[in-house]
Amino acid sequence: ATLTGACVVGLGEYTTGVMGNSESLKQKALEACENSGEYATKLDFNRYLKKCIKSEIADVCNISNTRYGGAITAGMFLDNFIYSENKDKWIHFDIAGPAFVEKAWGYNPCGASGTGVRFAVEFVKNLIDWFYLSKFIGYLIQDKTLYWTMSLFGTAIGAGILFLPIAKLVQMVFYPCLLWHFLPIL
């Protein structure tokens, strides 16, 4: 995370800026933020702002040569240190506004708010849920169990009745087993 004053000026003191190269990852982060009760908005990288962090001396400058677009150029600066194969797996939060609360609002008292903790926990939890559920469904399809179940109940009825219980079953029963199996992948 960064703490840019530019993000506070642009988004206010209650909202986190979300940046990255993957639209789907940013969208998942925004959904997790909403579900956690925090506020965030997406700030897209602008290819024209890249020239603002060029340096005559170093590989990249850690501050923009203009006062405009500071939150985005800070995110783009960090993006320079992400390996190209990980560009779509990386996301950045600018928490300058909500990190320190000057006047109480919502459930946040004055002082350090811990912003991003609820948000990040929800985000990671959703990613893990999706990862394990997709792996579990892959196993079911390999075993033809899901095919048999869906055929038995009919596609529409089976999808509506079985999907949510399967998701809860994965959460409660299979997570511990799958965790050890997939730990090297994570």
Side-chain angles (χ1 to χ4, degrees), residues 1-134 179 182-186:
T2 57
L3 300 167
T4 64
C7 199
V8 182
V9 170
L11 302 180
E13 56 191 333
Y14 308 119
T15 307
T16 296
V18 177
M19 294 167 251
N21 296 301
S22 169
E23 289 301 318
S24 65
L25 200 57
K26 288 187 285 188
Q27 186 58 40
K28 287 176 184 172
L30 292 175
E31 290 168 9
C33 188
E34 185 178 332
N35 291 339
S36 70
E38 295 188 26
Y39 295 101
T41 195
K42 180 174 67 163
L43 298 174
D44 291 326
F45 289 158
N46 179 325
R47 70 176 187 254
Y48 298 108
L49 285 175
K50 197 153 190 92
K51 67 182 178 192
C52 296
I53 56 173
K54 284 193 185 260
S55 173
E56 299 294 324
I57 301 165
D59 294 335
V60 65
C61 188
N62 68 342
I63 190 164
S64 177
N65 61 17
T66 179
R67 59 182 266 195
Y68 305 109
I72 296 171
T73 56
M76 293 173 80
F77 169 75
L78 296 176
D79 185 58
N80 280 287
F81 301 98
I82 306 300
Y83 292 119
S84 52
E85 65 267 13
N86 295 324
K87 293 280 187 184
D88 285 342
K89 301 173 190 170
W90 172 77
I91 196 162
H92 168 62
F93 306 131
D94 190 321
I95 60 170
F100 190 84
V101 179
E102 293 181 9
K103 44 192 171 298
W105 64 275
Y107 47 74
N108 294 300
C110 291
S113 68
T115 193
V117 174
R118 290 179 295 272
F119 173 13
V121 167
E122 183 72 20
F123 180 61
V124 170
K125 187 180 83 167
N126 290 345
L127 289 177
I128 290 171
D129 284 350
W130 177 250
F131 175 78
Y132 284 123
L133 184 59
S134 64
L179 180 62
F182 292 112
L183 202 55
I185 296 171
L186 297 175

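The structure presented is a predicted model; accordingly, all values stated were derived computationally and were not measured.
Going from atom CG of Asp88 over to atom CD1 of Ile91 covers 11.0 Å, rounded to the nearest 0.5 Å. Here the NZ atom belonging to Lys50 is positioned 13.0 Å from the CD1 atom belonging to Ile72, to the nearest 0.5 angstrom. The CG atom of Asn65 lies 11.0 Å from the NZ atom of Lys54; values are rounded to the nearest 0.5 Å. Taking OG from Ser22 and CG from Asn86, the interatomic distance works out to 12.0 Å, rounded to the nearest 0.5 Å. The CG atom of Leu11 sits 8.5 Å away from atom OG1 of Thr4, with the distance rounded to the nearest 0.5 Å.
When the shell of 6.0 Å around NZ of Lys87 is examined, it contains more than 12 heavy atoms from other residues, nucleotides or ligands.
Two residues are said to be in side-chain contact when any heavy atoms from C-beta on lie closer than 4.5 Å; Leu78 and Trp90 meet this criterion. With a 4.5 Å cut-off on side-chain heavy atoms, Thr16 and Asp94 do not count as touching. Residues Leu43 and Cys7 are in side-chain contact: their nearest non-hydrogen atoms beyond the backbone lie under 4.5 Å apart. When side chains are defined from C-beta on, Ile128 does not count as touching Lys125, because their heavy atoms never get closer than 4.5 Å. A 4.5 Å side-chain heavy-atom check between Thr73 and Cys52 finds at least one atom pair inside the cut-off.
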Under 3.5 Å, which donor-acceptor pairs link side chains of residues 27-37 to any protein atom two or more places apart or in another chain?
{"residue": "Gln27", "atom": "NE2", "partner": "Glu31", "partner atom": "OE2", "Å": "3.4"}
{"residue": "Asn35", "atom": "ND2", "partner": "Glu31", "partner atom": "O", "Å": "3.3"}
{"residue": "Ser36", "atom": "OG", "partner": "Ala32", "partner atom": "O", "Å": "3.3"}
{"residue": "Ser36", "atom": "OG", "partner": "Cys33", "partner atom": "O", "Å": "2.9"}

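The minimum heavy-atom distance between Trp105 and Tyr39, with the atom names listed, is CZ3-CE1, 3.7 Å. The two residues Glu102 and Cys110 make their nearest non-hydrogen contact at O-SG, 3.6 Å. Across all their heavy atoms, Lys103 and Glu13 have their closest contact at NZ-OE2, 3.0 Å. Pairing each heavy atom of Val18 with each of Ala40, the nearest pair is CG2-CB, 3.8 Å. Scanning all heavy atoms of the two residues, the minimum distance from Asn21 to Phe45 falls at OD1-CD1, 3.6 Å. Listed here is the closest heavy atom pair of Met76 and Ile53: C-CD1, 3.9 Å.
The closest side-chain donor-acceptor pair between Thr66 and Ser64, if any, does not fall under 3.5 angstrom.
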Show the numbers, then the answer: is there a side-chain contact (heavy atoms from CB on, under 4.5 Å) between Ile63 and Phe77?
CA-CA 8 Å; Ile63 190 164; Phe77 169 75; over 6 Å; no
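Note: Phe123 and Phe93 have perpendicular aromatic rings, judged against thresholds of 30 and 60 degrees for the angle between ring planes.
Residues satisfying the salt bridge (Lys or Arg N to Asp or Glu O under 4.0 Å) criterion with Glu23, sequence neighbours excluded, are Lys26, Lys42.
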